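This one's a predicted model, so the numbers in the text were calculated from it and none came from an experiment. One-based numbering along the sequence shown.
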Amino acid sequence: MSMLRKLSALFRGSAHDAAQGVVDANALKILDQEIRDADNAQGKARDDLAGLVARRRMAENELASFRDQIAKYESSARTALGQGKTDLAREVAGRIAELEVEITSRGPLIEDMKTAETRLRTAIASTDQKIETLRREIDIVKVNDSVQKAQTSVALNSAGAQSRIGSAADSLQRIKQRQAIQEEKLNASQALEDRRTGADLDAKLREAGILPGHSSADDVLARLSQPEVTVVTPRIGQSTPDKDPA
């Protein structure tokens with residue numbers, strides 16, 4: 001029996017945890033429905049209050065009618081007494097007494113209805129305030145929930161983006177390494193070709209100023225510093241002066 005009780009407790013605990021998980025996962029939906037239920041209850045309370053106010057006003061109108069009847073019957077009773085119609089005056093007085101009993105019995109009921117109205121109005125106003133406060137808090141919770149979901153999504157996407165960026169950086173580094181290796185291969189191939197054709201040696205000779213065609217800034221300045229030589233070209237038909245005979 002002890003083992004059965006433990007298994008029963010385990011099953012009940014698992015069921016409770018599962019149910020609690022469902023409730024937590026749908027907490028905002030449950031809150032929204034509870035707010036709608038509260039609004040519906042408030043609507044019924046307002047309807048009940050409106051009905052109570054209507055009945056109280058009808059009762060007050062009846063009392064006002066009773067008082068008007070009493071005033072009318074009192075005047076009629078006085079007239080009957082003045083005319084010596086005592087029996088008629090007594091009958092009218094009996095009706096006045098019935099109306100006064102109605103007023104006396106219905107007066108406290110009307111006061112009770114007024115008290116109930118005040119209590120209902122206070123309860124409805126207080127509940128409206130609580131519902132509105134709860135609704136604002138739910139709105140804040142919804143916003144926080146949306147923000148947290150967005151932050152979680154951004155964090156996950158950021159982690160994925162960081163991974164992709166790292167992968168791209170590795171790929172870029174490998175491309176740079178391949179390009180550097182290719183550049184070295186091209187340089188080595190060109191060096192071998194220059195050695196085979198002697199181009200590397202010719203380049204060294206030109207830099208040393210040994211091969212023709214090499215001109216440096218010093219060479220240009222040296223040439224410009226030499227005096228210019230004027231060459232006279234004889235005109236056609238013009239004889240040159242005879243030399244003296246030896």
Fill in the blank from the handout: CD1 (Ile138) and CD1 (Ile35) are apart, to the nearest 0.5 Å, by 4.0 Å

Problem - Inter-residue atom distance Thr133.OG1 - Arg136.CZ, 0.5 Å rounding - result: 4.5 Å

Handout entry: Sub-4.5 Å side-chain heavy-atom contact between Asp32 and Lys142
Key = yes

Problem - Glu102 backbone acceptor or donor facing Ser105 side chain under 3.5 Å - result: yes

Practice task
Give, for atom CD of Gln69 and atom CD of Glu74, the distance between the pair rounded to the nearest 0.5 Å.
Solution key: 12.0 Å

Practice task
For Glu91, enumerate each residue passing the side-chain hydrogen bond (donor to acceptor under 3.5 Å, both in side chains) test, keeping only those at least two apart in sequence or located in another chain.
Solution key: none

Practice task
Keeping the roles fixed (side chain from Thr104, backbone from Glu100), state whether a donor-acceptor pair exists under 3.5 Å.
Solution key: yes

Let me check something: any side-chain donor-acceptor pairs from residues 40-55 under 3.5 Å, sequence neighbours excluded? List them with distances.
{"from": "Asn40", "atom 1": "ND2", "to": "Arg36", "atom 2": "O", "distance (Å)": "3.2"}
{"from": "Gln42", "atom 1": "NE2", "to": "Ile124", "atom 2": "O", "distance (Å)": "3.0"}
{"from": "Gln42", "atom 1": "NE2", "to": "Asp128", "atom 2": "OD1", "distance (Å)": "2.6"}
{"from": "Lys44", "atom 1": "NZ", "to": "Asp48", "atom 2": "OD2", "distance (Å)": "3.3"}
{"from": "Arg46", "atom 1": "NH2", "to": "Asp128", "atom 2": "OD1", "distance (Å)": "2.6"}
{"from": "Arg46", "atom 1": "NH2", "to": "Asp128", "atom 2": "OD2", "distance (Å)": "2.6"}

Completion exercise
When rounded to the nearest 0.5 Å, the distance separating CG of Leu99 from CZ of Phe66 is 6.5 Å

Fill in the blank from the handout: For Ala77 and Ala89, the nearest pair of non-hydrogen atoms, with its separation, is O-CB, 3.8 Å

Exercise for the section: Measure the spacing between CG of Leu109 and CZ of Arg56 and express it to the nearest 0.5 Å. Expected result: 13.5 Å

Problem - Ile70 vs Ile103 side-chain heavy atoms within contact, under 4.5 Å - result: yes

Handout entry: Candidate pair Glu132 and Arg135, rule salt bridge (Lys or Arg N to Asp or Glu O under 4.0 Å), full reasoning
Key = CA-CA 5 Å; Glu132 186 61 28; Arg135 184 176 283 114; 3.4 Å; yes

Problem - Approximate separation, where rounding is to 0.5 Å, of Asp39 CG and Glu34 CD - result: 12.0 Å

Exercise for the section: Decide salt bridge (Lys or Arg N to Asp or Glu O under 4.0 Å) for Glu117 and Lys114; before the verdict, give the C-alpha distance in whole Å, the side-chain angles of both, and the deciding distance to 0.1 Å. Expected result: CA-CA 5 Å; Glu117 285 179 31; Lys114 289 182 178 179; over 6 Å; no

Fill in the blank from the handout: Between Val92 and Tyr73 the two heavy atoms that sit nearest each other are CG1-O, 3.1 Å

